[in-house]
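First comes the structure, then the notes that go with it.
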Amino acid sequence: MSYGPGHHGDARQMPETAAEIARAVRSGRLRAAELVERSLARIEALNPAINALVQVDAPRARRRAAEIDATIARGGDPGPLAGVPAAVKDNLCTDWGCTTCGSEMLRSYRSPFTATAVERLEAAGAVIVGKANLDEFGMGSSTERSCFGPTRHPLDPTRVPGGSSGGSAAAVACGMAAVALGSDTGGSIRQPASFCGLVGLKPTYGRVSRWGLVAYASSLDQVGPLARTVEDAALVLSVIAGADERDGTCANLPAEDFAGDLHRAPADLVVGVARPGRGTGAGESPGMALAMERAAQRLRERGAKIVDVDLPHAGAAIAAYYIIATAEASSNLARFDGVRYGRRAELAPGQGLADLYERSRSEGFGPEVRTRIMLGTHVLSSGYYDAYYLTAQRARRRIKQDYDAAFARGCACVLMPATPGPAFRAGEKTADPIAMYLEDAYTVGVNLAGLPGLVVPGGTEEAGGVELPVGVQLIGPALGERTLLRVGAMLEAR
Ligand code: GLN
């Protein structure tokens, strides 16, 4: 399978990263129209096999590109992402096309508005080429649970790209888009980034507006970038971050330029290394263990001090996450009832309102979503609330305190695996929810603690004759993205 940029008969060397593209477009060296055609050609060639994008609006993308070229021709500046082809996960509302969340329930849902993050991306000059596949409502780690069918790993079609932002990751890995927006509730940006050899950033909770992101678990959800380089992730973050009065949990901070001092290594850098998987059953594959050693070594060579840190409550993260996330999901998904929102079931004569709710919800949601709604309803029900939900909230606090302790000891960030190993085979974990949930062992704690997490490529691991990427993760203190991105840039191969 041909993979990635440069292998699709491009007649001449064209830039692949968002930073290079925007530079070329802003300086008039390349036209946005040419770049969008290249993206559309790759989509046409690769998307039928990969299924990364579930909607492509080529006329709209071409119109947007023409507008950008016209701005340049007038001597104007379309913005820091001028002409950059982008994809957005299909749980981000757009006032064009449908916003499906990969669910039968919303297959034909048209949003009257556009999510803040998407709006800001376009206002900065990006050209959205399509909406990306996902696990239904963001619930999954493999992008196998979408009403549009699974997304395939770009390097090996028998494997998954990770999830739930697997479509966003595969689209960037294949060069259909230079950057993509995903959402991360428990790892959905970072795990696919690790599997597809990309940079993925889950910002601090409150850094990016959630307005227009269809809610899965509101206290955990964040929108963030998937990109080829740390610089591109920083560029996208600079554009999408910042105060938004439409999201009450969005921090009231001014916009910042995260890409500016990226390649200046932080002085007196101390990085904590955590290997919590060794005690949780999630484990570390040989390739991941090697990637961790290499990353620590590289930071040491560049002057960082590496210390071991202990995260004693990391083992509780999966249990706490799958209680809190399902509890919040059961409430958030109540609105999809075929009356207020969502696909309405056809009733047989004599059936009433209760049948309408029941049938609409049974027919509209897939099995994993139904399971999670039932789990969430159960953990919140009287008699079980204390045992499950309250205990999980206590664990959540302890998990956060573990990180706080590491930062209080002087660590600028914590280095940890992003995933237990490289991409697994399609179908391998769909029958075993626990095995699927264990994929999130290294990522969910970061959401519970509300912290920023950055995944950068760490190396590869051979599996079935294919060299599959694995990513390492850097976790920083709240609002510590600037340092996190700078440390991430130190790890990038160049
Ligand atoms: N895999 C996790 C879940 O299924 C995380 C998903 C996400 O971050 N949206 O809930």
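Numbers for residues simply follow the sequence, beginning at 1. Hydrogens, waters and symmetry mates are skipped; everything else that's a heavy atom, side chains included, is used. Predicted model only: the values in this text are computed from it and were never measured. Order of appearance sets the numbers: ligands from 1, and atoms from 1 within every ligand.
Between H153 and F195, the distance from one ring center to the other does not fall under 6.0 angstrom. For Y389 and Y384, the ring centers are positioned 6.0 Å apart or more.
Using cut-offs of 30° and 60° on the angle between ring planes, the pair Y388 and H378 is tilted.
Across I189, L92, V208, a single residue satisfies side-chain contact (heavy atoms from CB on, under 4.5 Å) together with L181, and that is L92.
Side chains of N91 and Y216: no donor on one and acceptor on the other come within 3.5 Å.
With a 6.0 Å radius and a threshold of 12 heavy atoms from other residues, nucleotides or ligands, R343 has its CZ atom above the threshold.
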Quick one: table the atom pairs, ligand 1 N or O against protein N or O, below 3.5 Å, distance rounded to 0.1 Å.
from     : atom 1 : to   : atom 2 : distance (Å)
ligand 1 : 1 (N)  : G140 : O      : 3.0
ligand 1 : 1 (N)  : S141 : OG     : 2.8
ligand 1 : 1 (N)  : D440 : OD1    : 3.3
ligand 1 : 1 (N)  : D440 : OD2    : 2.8
ligand 1 : 4 (O)  : G140 : N      : 2.9
ligand 1 : 4 (O)  : Y322 : OH     : 3.3
ligand 1 : 4 (O)  : R372 : NH1    : 3.1
ligand 1 : 4 (O)  : R372 : NH2    : 2.9
ligand 1 : 8 (O)  : T185 : N      : 2.7
ligand 1 : 8 (O)  : G186 : N      : 2.6
ligand 1 : 8 (O)  : G187 : N      : 3.3
ligand 1 : 8 (O)  : S188 : N      : 3.0
ligand 1 : 8 (O)  : S188 : OG     : 2.6
ligand 1 : 9 (N)  : G138 : O      : 2.8
ligand 1 : 9 (N)  : S164 : OG     : 3.4
ligand 1 : 9 (N)  : T185 : OG1    : 3.4
ligand 1 : 9 (N)  : S188 : OG     : 2.7
ligand 1 : 10 (O) : Y216 : OH     : 2.6
ligand 1 : 10 (O) : Y321 : OH     : 2.7
ligand 1 : 10 (O) : R372 : NH1    : 2.8

